[in-house]
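Residues: numbered from 1 along the sequence shown.
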Amino acid sequence: MLRRVTVWLAVVLLPLAGCGGGAPRSAPASESASASESPSTTVSPAPTSPAPRHAEGGRADDIDGDGRADLVVEVGDRRGDRRHLVAVHGSSRGLGKGERTVIPPDTFLSWQIDSGIRADLDGDGFGDVLGYGRPGDRDEQMRPYVMWGDPRGLGAGRPPTPVALPAESDVATYRAVAGDFDGDGAADVAMSSPPGSGRTDTNLAVLYGPFGRDGSPSRRSVQPSPTGGEFWRMSVDRIDGRRATGLIVYEGDDGEQTAGWLLDAGPGGLAKAGRRLNPGMSAAFGDFDGDGTRDVAVGDDGSRNNEPGYETEEPSVDRTLTLYYGDGRTEAFKGTAGRAVAGDFDGDGRDDLAFGGSAGAPARPVRMFWGGAGGLRAGGAVGGLGLAVPLTSGDYDGDGDDELALTAGEDGLEVVVTDGRKVLTRFGLSP
């Protein structure tokens with residue numbers, strides 16, 4: 001069985017607040033949001049016009065509906081103070097050979113997009129982009145926005161749509177990821193959400209789709225933080241329209257490796273309690289042993305708290321990749337750190353994993369781990385990369401298996417596409 005696709009959006013340049021990379025805080029909101037809620041409640045928003053019927057064959061990572069995955073990347077200019085979103089469309093010859101769309105910062109000032117943010121939120125058959133930022137130079141609270149896909153792509157001058165927030169607060173919601181948390185085939189959004197009293201993020205809000213074009217969900221629920229405290233980082237399984245997707249919610253961090261809590265999903269939505277995983281800020285979901293159940297890889301992403309006395313990690317975390325298989329087995333690999341990206345790169349029906357990489361010193365190789373009947377097996381480094389960081393994967397040429405996309409160079413303005421063994425193409429990203 002050939003598989004198409006995993007994650008397609010990724011951070012290229014992401015400034016981090018504080019000494020180690022905690023959540024940024026922004027100015028008070030200038031727009032009103034929906035009424036605040038208490039945890040463990042479900043609220044239906046005001047009725048919206050029904051979303052269009054999902055097109056036959058639509059996929060979450062295809063924004064222009066041509067049947068091939070597209071790549072959306074956040075790119076800083078040479079000064080580093082203006083970020084563009086660049087959509088690189090897939091083609092029969094793969095990435096870099098087709099058209100591009102550039103969303104300038106005057107249209108949307110992006111702070112963050114990443115691997116969990118891709119979905120067809122309105123069910124029209126075209127993938128949409130969920131980002132965190134604000135329109136242009138408007139002085140207002142940053143929040144999640146949607147850029148809608150259609151046959152023309154994203155539309156460079158089209159204003160983004162704000163996602164309806166679940167609570168009023170002068171503390172910005174920091175992070176939102178897309179999944180299908182009740183398994184009904186409609187994309188949902190999970191986000192950290194203030195409790196409405198001006199305190200920091202303590203609740204997990206889930207907005208269930210399909211969404212209206214005004215950014216309103218079909219329904220929403222709010223539950224206490226799975227970590228028992230403040231959180232802002234999450235990782236999510238990919239949407240494929242056939243099953244509910246799990247979610248990892250990380251404990252708050254200041255650059256160090258913290259533990260994530262894995263929440264199962266099903267017809268009732270996300271579980272209220274999760275399983276604590278080994279600390280590690282890099283994660284990827286996949287079926288690595290081909291048994292039909294989802295597995296999770298968690299690894300050290302290389303970040304460290306730079307406060308004196310906190311710059312190191314425990315041996316069980318440092319340069320460690322831990323595998324949690326769906327049948328209850330665990331396995332650990334040692335030797336590198338960096339980003340983790342899953343995809344079926346050899347087309348055998350089992351997901352593979354790329355892990356490692358760096359954009360500067362210390363240089364770290366990108367190692368490949370190949371799926372098999374017994375799970376992942378360690379392979380070698382991808383040849384010919386130099387300094388490179390895994391971004392995401394997708395079937396960009398429509399041939400039925402995935403390609404791995406990475407950024408290369410310290411400025412992150414070049415994309416390298418590989419099959420996990422050799423480089424297929426390279427191209428620049430400068431807007």
Side-chain angles (χ1 to χ4, degrees), residues 2-13 59 61-76 84-103 113-115 118 127 129 153-154 238 284 338-348 351-359 363-370 379-431:
L2 297 181
R3 301 175 64 94
R4 287 195 191 213
V5 340
T6 186
V7 241
W8 62 297
L9 304 177
V11 173
V12 173
L13 301 175
R59 44 185 294 164
D61 56 2
D62 178 11
I63 60 178
D64 58 5
D66 68 353
R68 303 180 184 94
D70 303 311
L71 177 73
V72 180
V73 183
E74 184 182 67
V75 181
H84 297 71
L85 293 182
V86 180
V88 184
H89 296 278
S91 74
S92 60
R93 296 181 293 166
L95 281 180
K97 307 298 184 182
E99 297 180 355
R100 300 187 189 184
T101 302
V102 177
I103 307 297
I113 60 173
D114 79 353
S115 59
R118 76 281 180 264
V129 176
L154 294 177
R238 63 179 178 257
R339 284 182 55 86
V341 171
D344 183 4
F345 305 121
D346 57 10
D348 68 352
D351 286 313
D352 312 303
L353 186 76
F355 179 58
S358 63
R364 295 187 297 258
V366 177
R367 293 185 62 191
M368 295 302 302
F369 296 82
W370 298 98
V382 181
L385 285 180
L387 291 176
V389 178
L391 281 178
T392 186
S393 67
D395 184 6
Y396 303 114
D397 56 10
D399 67 352
D401 56 17
D402 297 326
E403 293 81 52
L404 172 66
L406 309 95
T407 54
E410 293 192 43
D411 59 9
L413 295 179
E414 182 182 41
V415 168
V416 182
V417 182
T418 86
D419 59 6
R421 291 185 169 87
K422 63 182 181 299
V423 172
L424 302 177
T425 188
R426 294 175 180 261
F427 56 91
L429 275 177
S430 178

Can you tell me how far apart CZ (Arg93) and CG (Leu424) are? Round to the nearest 0.5 Å. 14.0 Å

Over all atoms of both residues, closest heavy-atom pair of Asp62 and Asp66: OD2-N, 3.0 Å

Closest approach of Pro390 and Gly356, non-hydrogen atoms and distance? CD-O, 3.2 Å

Reported CD-to-CG distance for the pair Glu99 and Asp70, which is rounded to 0.5 angstrom: 10.5 Å

Kindly compute the distance separating CG (Asp61) from CZ (Arg68), expressed to the nearest 0.5 Å. 12.5 Å

Any donor-acceptor pair under 3.5 Å from Ser358 side chain to Arg364 backbone: yes

Is any side-chain heavy atom of Leu391 less than 4.5 Å from a side-chain heavy atom of Val389? no

Nearest 0.5 Å, what's the OG1-CG distance between Thr418 and Leu385? 6.5 Å

So, for Ala87 and Ile63, which heavy atoms are closest and what is the spacing to 0.1 Å? CB-CD1, 3.9 Å

Under the side chain to side chain contact (heavy atoms under 4.5 Å, CB included) test against Thr425, which residue among Val416, Val417, Val415 passes? Val417

Nearest atoms (heavy-atom pairs only) where Val88 meets Gly96: CG1-N, 3.8 Å

What are the two closest heavy atoms between Leu406 and Ala388, and how far apart are they? CD2-CB, 4.2 Å

Is any side-chain heavy atom of Val366 closer than 4.5 Å to one of Arg339? no

Please check if the side chain of Asp395 supplies one atom and the backbone of Gly400 the other of a donor-acceptor pair under 3.5 Å. yes

For the side chain to side chain contact (heavy atoms under 4.5 Å, CB included) test, which of Val86, Leu85, Ile103, Leu429 pairs with Glu74? Leu85

Using side chain to side chain contact (heavy atoms under 4.5 Å, CB included), reason through Arg421 and Met368 one step at a time and then give a plain yes or no. CA-CA 8 Å; Arg421 291 185 169 87; Met368 295 302 302; over 6 Å; no

So Leu95 and Glu403, do their side chains get closer than 4.5 Å, heavy atoms only? no

Shortest non-hydrogen pair, Ala284 vs Ala340, comes out as CB-O, 4.0 Å

Here the gap from Leu404 atom CG to Asp419 atom CG, rounded to the nearest 0.5 Å, amounts to 9.0 Å

Using atom types as modelled and distance alone, determine if a side-chain donor or acceptor of Asp401 lies under 3.5 Å from a backbone N or O of Asp344. no

Out of curiosity, Leu387 CG to Thr407 OG1, how far, rounded to the nearest 0.5 Å? 10.0 Å

Donor-acceptor pair, distance only, cut-off 3.5 Å: does the side chain of Asp352 make one with the backbone of Phe345? yes

